[in-house]
Colleague: 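So that we are looking at the same thing, I have put the structure below in structure tokens.
When reading the values below, keep in mind they use all heavy atoms of this one structure, side chains included, and skip hydrogens, waters and symmetry mates.
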Amino acid sequence: MAIVRALRVPLRLRPRFSSLSSIARSISTLVIGEHEGGAVKAPTLSAVEAAKYLGEGNSVSVLLAGTGSSLQDAAEHAASCHPSISQVIVADSDHFVHHLAEPWARLVQLVQQKEGYSHIVTVSNSFGKNVLPRAAALLDVSPITDVVSISGPNQFVRPIYAGNALSTVRYTGNSPCLLSVRSTSFPEPTVAADFRAEKAPISQVDLLAFDEDSIRKSRYVKLTSQETERPDLGNAKVVVTGGRALKSAENFKMIEKLAEKLGAAVGATRAAVDAGFVPNDLQVGQTGKIVAPELYLAFGVSGAIQHVAGMRDSKVIVAVNKDSDAPIFKVADYGLVGDLFEVIPELLEKLPEK
């Protein structure tokens with residue numbers, strides 16, 4: 001079983017570290033990709049960006065799975081959307097349409113057995129957190145999760161204690177090294193308008209060896225989602241978040257109205273989600289979504305460390321709370337001590353239409 005050790009290690013273990021120098025000479029990375037509407041999702045490109053820091057000469061392959069024209073369009077998009085992508089691998093099967101963890105983990109194992117990558121990278125979102133541990137178990141290695149910085153092929157930084165401290169770890173296990181990275185820590189680079197990437201080759205995964213009996217542990221039932229024109233919470237430039245102080249689902253609609261005027265995404269604390277004000281896919285925090293928008297507006301949010309861990313990387317944080325001692329003011333760039341039931345209606349009145 002692979003292990004992860006702290007950077008400060010006994011001298012007797014150091015020769016083992018030096019043996020990993022061979023990894024730096026032959027780095028190859030598989031990025032587990034997501035796509036929607038015929039295009040690769042932005043977090044996947046952040047994972048590709050993270051792979052660049054694993055070392056020079058890194059050959060990056062993106063694995064996409066699903067079926068139909070949407071998959072083929074996404075493969076074409078991946079082949080030319082990022083200069084670091086050297087190959088696109090496609091698995092066309094109905095097994096991968098609904099992102100169930102068991103078939104995806106088995107697929108990663110099949111691709112790894114054939115190609116022998118030194119690293120496998122995915123995003124630390126609900127999809128990545130679901131697939132990566134299962135793939136690691138099949139490959140008999142230990143994953144390193146929530147990576148926010150990469151110093152080389154086997155040295156990484158990840159937050160601990162709800163983001164209040166950063167831990168530097170060195171991977172000393174067998175190949176491959178499995179990582180999940182925070183997309184907010186590896187933003188997709190701005191590409192020049194005249195950029196024309198050389199198209200990467202696209203290859204198909206041979207699924208003849210795919211064992212269907214080993215993946216029948218779960219089945220897709222249905223997808224329940226809300227129809228909205230608001231931007232996705234994980235990628236929005238502006239996020240408006242409400243806490244338990246809103247008191248009811250009816251009052252939470254004020255947050256939604258403000259978000260509509262600002263063209264923003266809606267977020268919520270765990271307390272607001274647990275109280276039933278909004279569905280749990282809007283939760284921001286350690287056990288929810290990690291966001292880093294350009295502007296984060298927090299109304300009635302106390303600032304528990306679990307919530308702050310999910311939004312502390314926001315460029316500008318604005319907090320409104322009637323408790324002047326609320327912890328949220330310690331991380332906010334701008335704070336207003338006031339009643340949100342007075343502040344939000346005034347904002348709605350004075351803000352122009354979107």
Side-chain angles (χ1 to χ4, degrees), residues 33-49 70 73-74 77-78 81-82 99 122-129 181-191 193 223-243 246 249 252-270 272-273 277-301 307-320 332-334 340 344 347-348 350-354:
E34 294 180 86
H35 63 94
E36 184 178 32
V40 177
K41 287 188 175 182
T44 295
L45 298 181
S46 294
V48 173
E49 187 68 14
S70 176
D73 292 343
H77 176 234
C81 68
H82 197 290
H99 288 183
T122 187
V123 180
S124 185
N125 56 12
S126 57
F127 172 70
K129 291 176 181 178
V181 299
R182 288 194 177 182
S183 59
T184 55
S185 300
F186 302 94
E188 182 187 354
T190 302
V191 180
L223 172 65
T224 302
S225 62
Q226 292 183 326
E227 295 293 334
T228 177
E229 295 182 356
R230 291 192 296 266
D232 177 69
L233 177 58
N235 303 315
K237 294 183 177 181
V238 181
V239 174
V240 183
T241 293
L246 283 151
F252 207 94
K253 292 180 180 178
M254 293 192 301
I255 297 291
E256 297 173 353
K257 290 179 181 178
L258 182 59
E260 289 176 3
K261 276 206 167 187
L262 295 172
V266 171
T269 63
R270 178 169 182 173
V273 170
F277 299 169
V278 289
N280 59 11
D281 60 332
L282 298 184
Q283 181 180 328
V284 174
Q286 185 179 21
T287 55
K289 293 185 177 179
I290 308 296
V291 300
E294 294 180 9
L295 174 62
Y296 188 87
L297 302 170
F299 293 90
V301 175
H307 179 77
V308 172
M311 44 68 73
R312 70 190 314 156
D313 291 332
S314 303
K315 304 300 184 294
V316 177
I317 301 172
V318 179
V320 177
D333 298 288
Y334 301 94
L340 64 86
I344 296 179
L347 282 172
L348 291 171
K350 293 186 176 181
L351 284 172
E353 294 300 323
K354 181 174 65 173

Colleague: Quick one: side-chain hydrogen bond (donor to acceptor under 3.5 Å, both in side chains) partners of Glu34, sequence neighbours excluded?
Modeller: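 If we apply the side-chain hydrogen bond (donor to acceptor under 3.5 Å, both in side chains) test to Glu34, skipping adjacent residues, the hits are Asn125.
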Colleague: Between Ile255 and Thr241, is the side chain to side chain contact (heavy atoms under 4.5 Å, CB included) condition met? List the steps.
Modeller: CA-CA 7 Å; Ile255 297 291; Thr241 293; over 6 Å; no
Colleague: Provide the closest heavy-atom pair for Val240 versus Ala259 in the form atom of the first, atom of the second, distance.
Modeller: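 So the two residues come closest at CG2-CA, 4.2 Å.
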Colleague: Working to the nearest 0.5 Å, report the span between CG of Leu258 and CZ of Phe299.
Modeller: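 Nearest 0.5 Å value for the CG-CZ distance: 5.0 Å.
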Colleague: Mark yes or no for whether Lys289, through its side chain, and Leu233, through its backbone, hold a donor-acceptor pair below 3.5 Å.
Modeller: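 Such a contact is absent between Lys289 side chain and Leu233 backbone.
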Colleague: Hey, what do you get for OG1 (Thr44) to CZ (Phe127), rounding to the nearest 0.5 Å?
Modeller: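 The OG1 atom of Thr44 sits 8.0 Å away from the CZ atom of Phe127.
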Colleague: Would you say NZ of Lys129 has more than 12 non-hydrogen atoms from neighbouring residues, nucleotides or ligands within 6.0 angstrom?
Modeller: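 Check passes, neighbour count above 12.
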Colleague: Roughly how far, to the nearest 0.5 Å, is the CG atom of Leu348 from the CD atom of Glu260?
Modeller: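 It comes to 10.0 Å.
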Colleague: Would you call Val301 and His307 a side-chain contact if the rule is heavy atoms closer than 4.5 Å?
Modeller: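 Val301 vs His307: side chains touch.
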Colleague: Just wondering, more than 12 heavy atoms not from Lys253 lying within 6.0 Å of its NZ?
Modeller: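 Counting neighbours around NZ of Lys253, 12 or fewer heavy atoms of other residues, nucleotides or ligands fall under 6.0 Å, so no.
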Colleague: Would you indicate whether the side-chain heavy atoms of Arg270 and Thr287 approach each other to under 4.5 Å?
Modeller: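 Yes, side chains in contact.
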Colleague: Within the 4.5 Å heavy-atom criterion, are Pro43 and Asn235 side-chain neighbours or not?
Modeller: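 Yes, side chains in contact.
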Colleague: Taking the side chain as everything from C-beta on, heavy atoms only, tell me whether Asp313 gets closer than 4.5 Å to Ile290.
Modeller: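 They are not in side-chain contact.
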Colleague: Do you know which two heavy atoms are closest between Gly38 and Ser70, and how far apart they sit?
Modeller: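 That would be N-OG, 3.3 Å.
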Colleague: How long is the straight-line distance from OH of Tyr334 back to CG of Leu297, given to the nearest 0.5 Å?
Modeller: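 The CG atom of Leu297 sits 12.0 Å away from the OH atom of Tyr334.
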Colleague: Which value, rounded to the nearest 0.5 Å, describes the distance between Met254 atom CE and Leu347 atom CG?
Modeller: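 Interatomic distance, Met254 CE to Leu347 CG, rounded to 0.5 Å: 10.5 Å.
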Colleague: Going through the checks in order, is the side chain to side chain contact (heavy atoms under 4.5 Å, CB included) test met by Glu49 and His82?
Modeller: CA-CA 9 Å; Glu49 187 68 14; His82 197 290; 3.0 Å; yes
Colleague: Show the numbers, then the answer: is there a side chain to side chain contact (heavy atoms under 4.5 Å, CB included) between Val123 and Lys41?
Modeller: CA-CA 11 Å; Val123 180; Lys41 287 188 175 182; over 6 Å; no
